[in-house]
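A, B, ... follow the sequence lines: proteins, then strands. Residue 1 opens every chain.
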Number of protein chains: 2
Amino acid sequence: MPKSPEDTMPTSGRHEMPFTRIEIVVLSVIEGRLGVLLGRRAQAPYQGRWALPGGVLRIDQDKDLDAAARRVGIERLGVELPYLRQLTAIGGRSRDPRAPWTLSVIYRALVPFEAIDPNPGKRLEALKWVAADEAAADARLAFDHAERIGGALEVTRGEIDRLELPFEFLPQAFTLGELQACCEAMLGRHLDKSSFRRRLDERNLLEAVEGQMRTGAFRPAQLYRRRCP
Amino acid sequence: MPKSPEDTMPTSGRHEMPFTRIEIVVLSVIEGRLGVLLGRRAQAPYQGRWALPGGVLRIDQDKDLDAAARRVGIERLGVELPYLRQLTAIGGRSRDPRAPWTLSVIYRALVPFEAIDPNPGKRLEALKWVAADEAAADARLAFDHAERIGGALEVTRGEIDRLELPFEFLPQAFTLGELQACCEAMLGRHLDKSSFRRRLDERNLLEAVEGQMRTGAFRPAQLYRRRCP
DNA sequence: GGGCATAGTTGCGATGTGCTACTAAGTGGT
DNA sequence: ACCACTTAGTAGCACATCGCAACTATGCCC
């Protein structure tokens with residue numbers, strides 16, 4: 001058995017290191033449904049297939065993993081991704097035929113879909129929004145990305161269940177109806193109005209914007225905003 | 001802004017990759033308390049300080065990250081770690097002065113403390129068990145390991161709260177009292193006997209080993225085992 | 001046989017949450 | 001003027017979960 005003491009010096013090149021990437025599961029609510037952003041691969045492997053946007057970790061540029069994910073978001077999508085959360089790391093042989101061993105750190109971002117221009121220029125390939133649940137079950141996606149999307153959905157829905165609210169998808173001031181519809185879109189299921197509201201104000205998560213109402217075709221609704229987090 | 005298209009070929013050496021390690025938070029229940037296994041560092045940095053056991057990812061040996069964690073467990077601790085769970089990845093500049101950029105994938109293992117011999121031989125440095133809550137608050141630990149231990153505790157206690165039971169720490173057949181004591185040790189707080197039992201059998205997690213009782217100084221107790229998982 | 005420590009059960013009350021039903025307040029059609 | 005319609009917002013009840021306290025049961029030991 002090879003010796004491998006704790007203090008093996010990480011002299012550069014002593015051991016080969018994995019080819020390390022960042023992949024981002026970008027979620028948004030579009031027309032009442034949760035969508036995920038995919039990019040079409042221009043080259044092999046999986047040429048022409050849809051995949052999560054991602055990029056190579058650049059240790060010369062990135063201060064840490066979070067910074068790497070932010071840079072990848074800007075370079076590949078043209079947007080700052082403010083609400084990044086790391087989900088997991090996946091690594092192994094033969095994940096990507098271009099390198100003997102690859103490691104991907106998976107992030108999740110929540111971004112209003114209008115913020116991303118699907119065709120910003122030549123250096124970015126085609127992007128599209130896809131219904132998240134279908135993407136998670138779509139075996140045709142590149143690599144193991146369908147599974148990664150499934151993991152992101154589970155985590156994200158857990159957050160909504162625990163009333164970690166998706167303010168990213170809402171205007172500064174919003175009605176309780178809008179908030180509920182947004183949560184329902186993310187969960188993919190109906191929520192009960194009265195218990196949703198009871199849970200909200202037991203937790204003191206919101207404050208009413210006094211005097212301000214959303215007026216529309218029907219009865220005006222009180223506007224709320226996030227209580228100083 | 002540098003171009004960084006999706007399909008940058010991972011030609012080995014085109015970009016420098018981070019020095020990648022595995023660190024393992026090994027937890028056990030010892031004398032009614034949750035403990036974590038630490039090793040004393042033999043060399044700089046943090047020479048003489050206590051740290052999580054870990055090792056370098058070896059892409060020539062390890063099929064994937066989980067396999068790397070298993071190998072590190074065997075090489076550094078002399079045990080198979082069957083219940084490994086990946087927690088997170090941490091990476092950045094200046095985490096470890098020996099390399100410009102390091103990435104650590106953190107695992108958690110649950111192992112009965114008797115399974116690990118603190119002094120198995122020369123190639124392993126001194127190991128010791130420390131009360132987990134104290135280690136999580138101990139700023140003297142090497143690197144950011146105290147914080148990692150805190151994260152492991154949070155995840156592990158969440159599992160117990162959701163009644164993902166720590167069979168790793170129990171014999172094949174055990175009493176409900178033993179199970180409850182084990183959970184209490186892990187959570188660091190008291191559990192109510194009657195509601196603990198109610199929750200257990202609502203979920204059908206256990207089955208009685210018919211006719212078998214644990215006899216001791218007092219009233220014998222029914223033995224249970226895990227219901228076919 | 002009685003004390004004692006653990007095993008195991010029962011009942012109650014507090015809490016959280018889903019369901020149903022209700023009232024309120026606007027628009028727009030007749 | 002009135003009513004249908006739609007959304008906003010509230011109230012009451014049923015049910016499940018769970019903590020707490022009290023109780024019974026059963027063995028060992030003195």
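Distance CG (B:Leu176) to P (D:dT26): 17 Å, rounded to an integer number of Å. A:Gln222 has its CD atom 18 Å from the P atom of C:dA24, to the nearest Å. Per the geometry, CZ belonging to B:Arg214 stands 17 Å off C1' belonging to D:dC28, to the nearest Å.
Between B:Phe174 and B:Phe167, the ring planes are tilted. Angles from 30° to 60° get that label.
For the segment residues 181-208 of chain A, the set of residues with a heavy atom within less than 4.0 Å of an atom of DNA chain C comprises A:Asp192, A:Ser194, A:Ser195, A:Arg198, A:Arg199, A:Arg203, in numerical order. Near DNA chain C, meaning a heavy atom under 4.0 Å from it, residues 156-166 of chain B has no residue at all.
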Exercise. If the sugar-phosphate is the primed atoms plus P, OP1 and OP2 and the base is the rest, what is the B/S/- string for nucleotides 25-30 of chain C, using protein heavy atoms under 4.0 Å?
Worked result: BBS---
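A salt bridge does not link B:Glu184 to B:Lys193: none of the charged nitrogens lies less than 4.0 Å from a carboxylate oxygen. The pair A:Arg225-A:Glu207 counts as a salt bridge, with a side-chain nitrogen and a carboxylate oxygen less than 4.0 angstrom apart.
Of the N and O atoms on the side chains of A:Gln222 and A:Thr175, not one donor lies less than 3.5 Å from an acceptor on the other residue.
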Exercise. Between B:Glu202 and B:Arg198, is a salt bridge (charged side-chain N to carboxylate O under 4.0 Å, His left out) present by the stated rule, with each step listed?
Worked result: CA-CA 6 Å; B:Glu202 275 163 7; B:Arg198 228 182 310 146; 5.7 Å; no
For this session: Begin with the C-alpha distance, continue with both residues' side-chain angles, and end with the deciding distance and a verdict on salt bridge (charged side-chain N to carboxylate O under 4.0 Å, His left out) for B:Arg148 and B:Glu23.
Result: CA-CA 9 Å; B:Arg148 299 304 132 235; B:Glu23 324 284 351; over 6 Å; no
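Listed by first then second residue, pairs satisfying ring-ring contact (aromatic ring centres under 6.0 Å, His included) with a partner in residues 210-229 of chain B number zero, not counting sequence neighbours. Among pairs with a residue in residues 165-175 of chain A, none fulfils salt bridge (charged side-chain N to carboxylate O under 4.0 Å, His left out), at least two apart in sequence or across chains. Within the structure, salt bridge (charged side-chain N to carboxylate O under 4.0 Å, His left out) pairs that include any residue of residues 155-165 of chain A comprise A:Arg85-A:Glu159, A:Arg108-A:Glu159, A:Asp133-A:Arg157, A:Asp161-A:Arg189, A:Arg162-A:Glu164 (at least two apart or interchain).
Going from atom CZ of A:Arg76 over to atom CD1 of A:Ile74 covers 14.0 Å, rounded to the nearest 0.5 Å.
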